[in-house]
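Below is one structure, written out as structure tokens; the observations come after it.
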Amino acid sequence: MDQRVVPRHTPVRARVRTIGPVGMDAQVGPARPYDVAAVRAHFPALDRGTVHFDGPAGTQVPAACVAAVAEHLERWNSNSTQGAPFRDTPAAARTNALIERIHAAAADFVGASDPAECVVGANMTTLAFAMTRRIGRALRPGDELLLSPLDHDANIAPWLLLAEERSLRVRWLPPSLPRCTLDASSVVETIGPRTRVVSLGLASNAVGTLVDGQAVAAIAAAAHASGAIVWVDAVHAAAHVPLDVRALDVDVLLWSAYKVYGPHLGLCWVRRGILDVLPAQNVRWPAPAGPHRLETGTPAYELFAGLEATVGYLRWLGRTFGEPAGGLPPERGEIVAALEAIRRYEADLASRLLARLAAIPGCRVLGLADPADVGRRCPTVALTIEGRTPAAVADECCRRGFAVWSGEFASFELMRRLGLQGSGVVRVGIAHYNTAAEVDALAETLADVAAAAPDG
Ligand SMILES: Cc1ncc(COP(=O)(O)O)c(C=O)c1O
């Protein structure tokens with residue numbers, strides 16, 4: 001890739017303790033035992049009669065998020081006047097300050113030192129299409145993109161379109177099937193002299209497998225040595241493991257607030273040296289700086305307020321149930337502590353669910369099915385039941401009050417490789433507000449469904 005887009009790579013040493021495989025191995029003890037009732041008290045939607053196992057499609061939000069959105073619209077509704085030559089109204093001043101705070105919160109969430117590296121957008125898909133087009137301006141015919149077939153199509157389709165437009169070559173990273181994992185050495189072997197982008201997801205939104213943080217860092221080292229950038233879709237991982245762009249040493253990382261107890265917003269961290277040289281593709285505002293160059297149109301500022309409140313909730317969770325993360329400022333440390341507490345709690349629920357599913361005749365878990373493998377996966381479990389279509393199983397679960405989805409979840413490449421295109425799987429997405437009793441009740445429902453007459 002053009003050196004203007006990929007400046008000579010200087011590895012940045014993680015300033016924090018190494019969080020290993022994206023923090024998943026943290027063995028620190030909690031400050032106070034995790035209290036799921038106290039967690040659930042923050043989520044008004046959990047009292048409405050539905051058991052939510054649909055977090056991978058979007059989690060529920062804490063009351064503070066709802067209140068902040070409403071308050072912003074009621075009291076502070078104004079467009080931004082950043083850089084305008086006239087006096088701000090109180091609402092405009094509030095919006096301007098909120099914009100800055102939300103970029104800082106995004107940086108804290110992914111462990112970036114510079115809020116100006118964070119671009120806020122409508123959702124991950126929109127950001128991915130926009131950012132790939134900007135990066136694509138520096139690519140030449142014959143340059144190579146390495147894509148992961150484990151990914152959501154939002155992390156594939158934008159690259160395929162770009163490849164078609166600019167005559168780029170697409171190659172697929174080799175996953176290990178049927179485990180649905182990606183290991184560093186096979187990815188590193190795939191990187192060639194014409195590789196300019198290595199794109200992968202940190203976790204599969206369909207089957208829940210994670211690419212561990214050390215593998216990502218090893219892939220990044222090899223990619224950088226060949227002059228390629230590493231682009232990571234962290235949308236699914238973001239709700240389940242702490243993210244640390246410096247430890248991962250990647251160049252671009254995208255996530256969505258609404259998968260992490262926030263409102264419908266997408267976010268994208270871009271390494272500063274790259275962000276500064278990306279073409280703006282924006283209206284010709286007089287000299288907007290940093291990430292604002294890449295943020296098009298007027299965003300939903302009320303959702304910024306909601307996201308800020310969600311981050312406040314996560315920080316409460318980290319302070320209350322997490323182990324203080326040594327050497328980190330509280331804005332970052334409490335988020336890391338929260339995600340580590342979430343990870344420990346969810347791992348217990350995931351192994352409980354996997355053990356229950358293993359006892360159901362005809363139930364097949366896709367990917368990592370062994371409870372002993374919870375450290376290598378998110379608590380998102382994909383399954384099929386012999387003789388029943390995934391749609392019929394999900395339908396019956398929904399009828400009994402469990403929000404459980406079926407389908408391909410836009411993981412088309414993976415489903416095709418698993419021979420499940422079209423029908424897909426049943427997906428159970430555990431979140432940090434679910435309980436062991438909910439997991440048991442769902443397992444009983446699935447056992448009933450498995451025992452019932454097959455679909456005609
Ligand atoms: C792993 C993954 N990547 C990307 C996306 C697309 O995100 P968004 O809905 O913010 O466009 C999703 C949505 O489900 C996802 O799960």
Side-chain angles (χ1 to χ4, degrees), residues 22 52-61 102 106 109-110 118-133 147-161 173 175 180-182 199-212 216 230-241 243 248 250 252-269 295-297 299-300 303-304 306-307 310 346 366-367 377-382 394 403-415 424-431:
V22 210
H52 284 279
F53 285 115
D54 52 355
T59 48
Q60 300 306 311
V61 300
I102 217 62
F109 191 78
V110 295
C118 295
V119 179
V120 186
N123 50 58
M124 180 277 184
T125 307
T126 305
L127 282 168
F129 274 102
M131 300 302 284
T132 51
R133 298 188 93 70
L147 309 183
S148 169
L150 296 178
D151 284 3
H152 188 287
D153 213 51
N155 206 40
I156 294 176
W159 293 116
L160 296 182
L161 185 68
L173 298 174
C180 305
T181 53
L182 201 59
S199 167
L200 55 105
L202 270 192
S204 160
N205 65 300
V207 298
T209 45
L210 273 163
V211 181
D212 81 51
V216 176
V230 179
W231 161 296
V232 164
D233 173 356
V235 171
H236 192 68
H240 305 292
V241 293
L243 301 174
L248 295 174
V250 297
V252 182
L253 181 141
L254 302 99
W255 75 109
S256 288
Y258 79 97
K259 309 281 193 186
V260 197
Y261 313 108
H264 289 91
L265 285 172
L267 298 116
C268 177
W269 169 85
E295 294 168 344
T296 49
L303 303 187
F304 287 25
L307 175 54
T310 289
E346 290 181 344
L366 285 301
R377 56 153 39 254
C378 294
T380 302
V381 176
V404 165
W405 289 29
S406 72
E408 296 186 70
F409 306 106
S411 293
F412 306 120
E413 296 293 334
L414 175 60
M415 290 299 154
V425 292
V426 177
R427 182 177 69 181
V428 180
I430 291 172

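Order of appearance sets the numbers: ligands from 1, and atoms from 1 within every ligand. For the numbers below, each heavy atom of this structure counts, side chains included, while hydrogens, waters and symmetry mates do not.
- Here Leu267 contributes atom CG and Leu254 contributes atom CG; the two are 9.0 Å apart, rounded to the nearest 0.5 Å.
- A distance of 9.5 Å separates OG in Ser148 from CG in Asp233, rounded to the nearest 0.5 Å.
- In terms of heavy-atom proximity, Ala394 sits nearest to Ser406 at CB-CB, 3.7 Å.
- Listed by chain and number, Asn123, Met124, Thr125, His152, Ala154, Asn205, Asp233, Val235, His236, Ser256, Tyr258, Lys259 each place a non-hydrogen atom less than 4.0 angstrom from ligand 1.
- Exactly one residue among Asn205, Asp153, Asn155 makes a side-chain contact (heavy atoms from CB on, under 4.5 Å) with Ser411. That residue is Asn205.
- Ring to ring, Trp255 and Trp269 are not that close: their centroids are 6.0 angstrom or more apart.
- Remark: Ser204 engages Ala206, Val207, Thr209, Leu414 in a side chain to side chain contact (heavy atoms under 4.5 Å, CB included) (not counting sequence neighbours).
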